[in-house]
Number of protein chains: 2
Amino acid sequence: MSSRGQQIGSAAPVCVSCRDCALKPICLPAHLPGEEARALEAAVERGRQVLPGVTLVRAGEPMAALLVVRSGSAKRYSVTLEGTEQVHGFVLPGEAVGLEGFASGRYTCEVSALEPLSYCRVPMRKLEQLLERLPGLRREILRLLGQALDEAQRLRGELAQSDARGRVAHFLADLSERLARRGLSPTEFRLSMSRADIARHLGLTLETVSRALSTFKREGWLRVRARDISVLRPEALAALGGGCA
Amino acid sequence: MSSRGQQIGSAAPVCVSCRDCALKPICLPAHLPGEEARALEAAVERGRQVLPGVTLVRAGEPMAALLVVRSGSAKRYSVTLEGTEQVHGFVLPGEAVGLEGFASGRYTCEVSALEPLSYCRVPMRKLEQLLERLPGLRREILRLLGQALDEAQRLRGELAQSDARGRVAHFLADLSERLARRGLSPTEFRLSMSRADIARHLGLTLETVSRALSTFKREGWLRVRARDISVLRPEALAALGGGCA
DNA sequence: ATCGGCACTTGACGCGGATCAAATTTTGCG
DNA sequence: CGCAAAATTTGATCCGCGTCAAGTGCCGAT
């Protein structure tokens, strides 16, 4: 019953082609015409794997490649002057890493694996060459960036407007929806990040996150057992979390 | 002494060419090779003007063009289901509007002028054609989006980590720096937005913003007279606001 | 010049969440 | 399996900020 020890999207061992990849419907090539998808695929370095805790990219490092997570999950964060972590968000399979790097050619935050993780890599050199001749890919990369921007803004709004329970509810609802889009269960999942990570992401303390979860549990909206979550009343969470138009 | 009634970057009436534009060093063409800059310039529709309160783009509207503010300032916001405004930020001369539109081809938030405002316009059709053959412009647009993303994330972090006074201090320091980059005074300026707008941007109430400003005034860090601000001790503001690496 | 309205300031009070502290569960390891 | 360390929960207390409520000053209109 528990998904203990399971990693997000760990389906197949290592894919060799985008065509056979479980992420096909949501990954970069999804919206590309077949011809462009093939050209992109030829540029992709596939199947790299890392262990939990390993850092995929570091702040300040030159942006040598565009990374897309294939399985597992990761934490995006930066370290403040005082040495505390600011958690910007969490990366799920099919999502790109380090897009802010386009700003200066260097990454501006760290990304480290929360579970065993595999990813694909498109070297920037090759990407630029491809952008030269693939109009679909151009549009797709712009779409990706626009989406990331929109999401970041939406999240900022959430932080600005919601109280603690609203933020936690929104966090869960958002995670649930993203998992669903990947064909995973939106109601039964395991959090790969700690309460402290969630708290730093939401601008709360870990105690407050824990209390919010306990409240939801008491209300009968969730079942919570350590990091395993069962969503019993998604509508309730959505109602609390989703104040956006 | 007071800048009353003055609009941000209102220098010349209406420019006819990027070459003569006061924003040349910070606007889109700044980093383009001369040849590409000329090509871009040919596609730009220039000198449109609107009055305060006029909406430049609406949420849901197709993204027909990329807009860059030339003079004046604007407010980016979206309206929540309950009818309240979420203020995402403020646009200064040389900054682009509606980049999140790349996500879906439609704008996702509203932008309205806070003062008399003029702007340039690059129709998306032409932009896409230009992207086809101008590698510098491609890089520049990606840079713009990356920057916007990075900024949005940094801001989110600020919201998550700072208390009320820290947020207001950061807001002022950020504004000050952006004005300076435009060749305007970083210490003497007029806020074009209301306390309520600032509050909604920072996730505070207008009373709290007001109190923060009063505190800074009492501490001798600022002079505040209605919307006119004089920064007396920039370091103090920066120390409060700038927790980022 | 006076009035009315609006943006802003200031004050009083209560609550939500931070902080400090301790109990309890979970996990990793020998 | 059993222990130690880490993660999480729960409890008690305190304070910052939201809320409600008066002012105060500025501007346009008459």
Side-chain angles (χ1 to χ4, degrees), chain A residues 1-7 51-53 75 82 84-85 87 114-116 158-172 190-219 222-229 240, chain B residues 2-6 52-53 75 82 84-85 87 114-115 158-169 171-172 190-219 222-229 240 243:
Chain A
M1 208 79 339
S2 153
S3 49
R4 179 164 325 171
Q6 196 174 308
Q7 119 193 28
L51 292 176
K75 170 173 72 162
E82 302 98 36
T84 62
E85 275 183 19
V87 176
L114 291 168
E115 320 169 76
E158 199 58 38
L159 274 195
Q161 294 218 327
S162 302
D163 64 358
R165 300 186 338 150
R167 293 183 204 178
V168 175
H170 180 268
F171 169 74
L172 290 174
R190 155 169 271 253
L191 300 173
S192 57
M193 68 295 285
S194 71
R195 303 285 193 267
D197 286 336
I198 300 174
R200 282 187 296 257
H201 177 49
L202 299 176
L204 300 170
T205 59
L206 65 96
E207 290 97 329
T208 300
V209 171
S210 176
R211 274 187 252 270
L213 290 174
S214 296
T215 306
F216 296 159
K217 190 162 68 173
R218 201 172 319 120
E219 306 269 351
L222 296 180
R223 219 171 314 148
V224 182
R225 188 192 138 77
R227 295 194 177 180
D228 291 311
I229 303 282
L240 243 191
Chain B
S2 156
S3 50
R4 181 164 324 175
Q6 194 174 309
K75 170 173 74 160
E82 302 97 36
T84 61
E85 274 183 17
V87 177
L114 292 167
E115 320 169 76
E158 199 58 39
L159 275 195
Q161 294 220 325
S162 301
D163 62 1
R165 303 189 332 152
R167 293 184 204 179
V168 175
F171 169 75
L172 290 173
R190 156 169 268 254
L191 300 173
S192 57
M193 67 297 285
S194 71
R195 303 283 193 269
D197 285 336
I198 299 175
R200 281 188 295 258
H201 177 49
L202 299 177
L204 300 170
T205 60
L206 66 96
E207 291 96 328
T208 300
V209 171
S210 177
R211 274 187 252 268
L213 291 175
S214 296
T215 305
F216 296 160
K217 190 162 70 172
R218 202 171 319 121
E219 306 269 351
L222 296 181
R223 220 169 311 150
V224 182
R225 191 190 135 78
R227 293 194 179 183
D228 291 311
I229 303 282
L240 242 192

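Proteins get letters first, then strands, A, B, ... in listed order; numbering begins at 1 in each. All values derive from a computational prediction rather than experimental measurement.
With sequence neighbours excluded, the residues that form a side-chain hydrogen bond (donor to acceptor under 3.5 Å, both in side chains) with Thr84(B) are Thr80(B). When the side-chain hydrogen bond (donor to acceptor under 3.5 Å, both in side chains) test is applied to Ser162(A), the partners found at least two apart in sequence or on another chain are Glu158(A). Glu219(A) pairs by the side chain to side chain contact (heavy atoms under 4.5 Å, CB included) definition with Arg165(A), Thr215(A), Trp221(A), not counting sequence neighbours. In this view, Ala164(A) and Leu204(A), Thr208(A) satisfy the side chain to side chain contact (heavy atoms under 4.5 Å, CB included) rule, not counting sequence neighbours. Residues meeting the side-chain hydrogen bond (donor to acceptor under 3.5 Å, both in side chains) test with Ser192(B), sequence neighbours left out: Ser73(B). Every residue two or more places apart in sequence or in another chain that forms a side chain to side chain contact (heavy atoms under 4.5 Å, CB included) with Pro52(A) is listed here: Pro116(A).
With dC8(C), dT9(D), dT9(C) as the choices, the nucleotide that has an atom nearest any side-chain atom of Ser214(A) turns out to be dT9(D). For Leu204(B), the listed nucleotide lying nearest its side chain is dG18(D); candidates were dT9(C), dG18(D), dT8(D).
Taking atom CZ of Arg167(B) as the reference point, atom P of dG16(D) lies 14 Å away to the nearest angstrom. Nucleotide dT9(D) holds its P atom 12 Å from the CZ atom of Arg218(A), rounded to whole Å. In this structure, CZ of Arg190(B) is placed 14 Å from P of dA7(C), rounded to the nearest angstrom. We find that CG of Leu222(B) is positioned 11 Å from P of dT9(C), with the value rounded to whole Å. Distance CD1 (Ile229(B)) to C1' (dA7(C)): 14 Å, rounded to an integer number of Å. The CZ atom of Arg225(B) sits 9 Å away from the C1' atom of dC26(D) (whole-angstrom rounding). If you take NZ of Lys217(A) and P of dT25(C), they are 11 Å apart, rounded to a whole angstrom. For the pair Gln161(B) CD and dA18(C) C1', the computed distance is 14 Å after rounding to whole Å.
Contact check for Phe171(A) versus Val209(A): no side-chain heavy atoms found under the 4.5 Å cut-off.
The shortest heavy-atom contact between Leu159(B) and Leu202(B) is CD2-O, 3.1 Å. For Arg195(A) against Val224(A), the heavy-atom pair with the smallest separation is NH2-CG1, 3.9 Å.
Ser214(B) places a side-chain N or O within 3.5 Å of a backbone atom of Ser210(B) that can act as its donor or acceptor partner.
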Nucleotide N/O to protein N/O under 3.5 Å, stretch nucleotides 3-6 of chain C:
none

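Both Asp163(A) and Arg227(B) sit near DNA chain C, but only Arg227(B) has its closest nucleotide nearer the 5' end.
Atom CD of residue Glu115(B) and atom NZ of residue Lys75(B) lie 13.0 Å apart, to the nearest 0.5 angstrom.
Listed by first and then second residue, the salt bridge (Lys or Arg N to Asp or Glu O under 4.0 Å) pairs that reach into residues 199-208 of chain B are Glu85(B)-Arg200(B), Asp197(B)-Arg200(B), sequence neighbours excluded.
Between its two ends, the helix from dA1(C)-dT30(D) to dG30(C)-dC1(D) turns its axis by 40°, counting five pairs per end and rounding to 10 degrees.
Residues from residues 205-212 of chain A placing a heavy atom under 4.0 Å of any atom in DNA chain D, listed by number, are Leu206(A), Glu207(A), Ser210(A), Arg211(A).
The phosphate of dG16(C) (OP1 or OP2) has no side-chain N or O of Arg165(A) nearer than 4.0 angstrom.
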